[in-house]
Amino acid sequence: MSSENHVRVRFAPSPTGYLHVGGARTALFNWLYARKMQGQFLLRIEDTDRERSSEEHTQVIRDGLAWLGLDWDEDIVFQGAGLERHQDSADKLLVDGHAYEDDGAVRFRMPREEIAWDDAVGGPISFQGSDIQDWVILRSDRTPTYNFTVVADDADMRISHVIRGADHISNTPKQIAVFQALGQTPPVFAHVPMIHGQDGRKLSKRHGATAVGDYRKLGILPEALRNFLALLGWNPKDERELFFEIDDLIQAFSLNDVQRKAAIFDLTKLEWMNGQYLSQTPVGDLLPLVEPEMQRLGFDPGSVPPDKLAKAVDINRERARTTQDIAERAVIRLDPRFIKQDDEKAQKLIAKDPDASSSALQAALDRLSGLDDSDWKPDRLESELRVLAETLGVGPGKVFQPIRIAVTGTTVSEGIHLLLDVVGREESLDRIKEAVEKRR
RNA sequence: GCCCCCAUCGUCUAGCGGUAAGGACACCACUCUUUCAAGGUGGUGACAGGGGUUCGACUCCCCUUGGGGGCACCA
């Protein structure tokens, strides 16, 4: 790879053992930019506190990024590994007069003049050096502090772009001053705004789901979360919102178009977007995601024939917003134990006219019992049921809705003929029979 | 307290001196349909306030207000 025009960006999550969506979005922006510029996306773990630096602390981060489809180049760099190098640079600053000893620690001497930079997101930003106190770069135990190590490492790794959260804006003048003292040109800085919760405050654990893993558990597809996160604080300047092809997103991305204002995380829109992705995803790809959800609900996907399982998943794909939704609906169709018992709308509907609904059910039962397995096909079922409604002299809904409730326990489903087809002849008849008896 | 950043529908946003202020989510209505959802159509809904600059400000400047972030021998 050529070394000119070579963009290197880095991502430096704290080893908190949890990947916040804000951090994930920052990583995504880094990644999109690096991929677009055909540079490198480098992962660095900031672990000056070496007690906490370990493989397991980075595992959640690796998993989360990999799940989102963000791959990094080169091995992960651990900040703690550079201890001696950091100490050497600090000593050099001491010799050069850019730093001085204070109570056994080494303090950096801030220049008094203005320190300014042109932020790739925020535009021109400036601080007065005189407003910033001299700060410790080496503690009295000779361990370096964060603001110093990042600079030393950025310089060492020849980082060209630092894309990070806006909470680092006020660290930037300190870091620029160190770059200058070290005789290095500072990288391009890009500060992306924070993500806030519904109450407009920093998105934190009390807002519920904040970790990438939480959304995974909620049944969100990684592609959907990635798409959503990309659009939170950035937009492609045209009216596209759905980027099913990651390359389109990479091509469209630009730091200039990143918002300067914090954005509020809107779960509803994420779910909508997830629904869009769900209906684009072939059943085959969905099954591995839905099956674990079914297991969590207490259903063994292996207990039914694969084609039946696939059908139950597929039929709900376009209606659902999360893979959890799909699992919940599919399981109702595959196992009578999951028929909804407490659906309010369903209860009300029956209560409105119990006699009519049980006689409709009885009539349906009589008529459908007459069909054998080979007749149990969507088309045939539909015509049978329509004819039935006609003979009874009632609107089709009067017949279909009680059946739907008998079979699923809810008032919501695919077309009734499709539903009966998925559930199958024997099971459907059983469920209707059961309902008839229960209401007697 | 000091420093920095920000400010268009409820939310995500377009706008870069002259627009009926556009789109998306959500919401409402209608439509489709046997129901629900999805889909389609339409609708409600915003430039924080005050001063300038200008023939003309959402757009530029200043102030106020509001929000956020930062001021460690944390990262």
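Reminder, nothing fancy here: chain letters follow the sequence lines and each chain counts from 1.
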Point to revise | Distance-only donor-acceptor test, S140(A) side-chain atoms vs rC73(B) base atoms, 3.5 Å | key: yes
Check your understanding: Given the C1' atoms of rU34(B) and rG42(B), what is the spacing between them in whole Å?
Key -> 26 Å
Check your understanding: Mind checking the C1' distance from rG40(B) to rA7(B)? Whole angstroms is fine.
Key -> 36 Å
Review point. Any side-chain N or O of N235(A) less than 4.0 Å from the OP1 or OP2 oxygen of rU13(B)?
Key: no
Point to revise | P atoms of rG52(B) and rC58(B), separation to the nearest Å | key: 15 Å
Review point. What nucleotide, of rC6(B), rA24(B), rA75(B), holds the atom closest to the side chain of E241(A)?
Key: rA24(B)
Review point. With a 3.5 Å cut-off and just heavy-atom distances, do the side chain of K269(A) and the base of rA24(B) make a donor-acceptor pair?
Key: yes
**Study point:** Flag for S254(A)-Y33(A): side-chain donor and acceptor within less than 3.5 Å
**Key:** no
Check your understanding: Between Q276(A) and rA24(B), is there a side-chain N or O to OP1/OP2 distance below 4.0 Å?
Key -> no
Review point. Which of the following nucleotides, rC25(B), rA7(B), rC73(B), is nearest to the side chain of R107(A)?
Key: rC73(B)
Check your understanding: If you measure from NE2 on H417(A) to CD on E414(A), what distance do you get to the nearest 0.5 Å?
Key -> 9.5 Å
Revision key, fill the gap. Closest of rG69(B), rC12(B), rG23(B) to the D167(A) side chain is rG69(B)
Point to revise | Atom C1', compared across rU19(B) and rG23(B): separation rounded to whole Å | key: 15 Å
Practice item. Would you check if there is a donor-acceptor pair between the side chains of H161(A) and N30(A) at a distance under 3.5 Å? Key: no
Check your understanding: Does rC9(B) pair with anything, Watson-Crick or G-U wobble, both distances under 3.5 Å, and if so, with which nucleotide?
Key -> none
Study note, to complete from the structure: Among rC73(B), rA14(B), rA26(B), the one nearest any side-chain atom of K237(A) is rA14(B)
Practice item. Check whether any side-chain nitrogen or oxygen of K174(A) sits under 4.0 Å from OP1 or OP2 of rG70(B), and answer yes or no. Key: no
Check your understanding: Paired with rC27(B): which nucleotide, if any, by Watson-Crick or G-U wobble criteria at under 3.5 Å for both distances?
Key -> rG43(B)
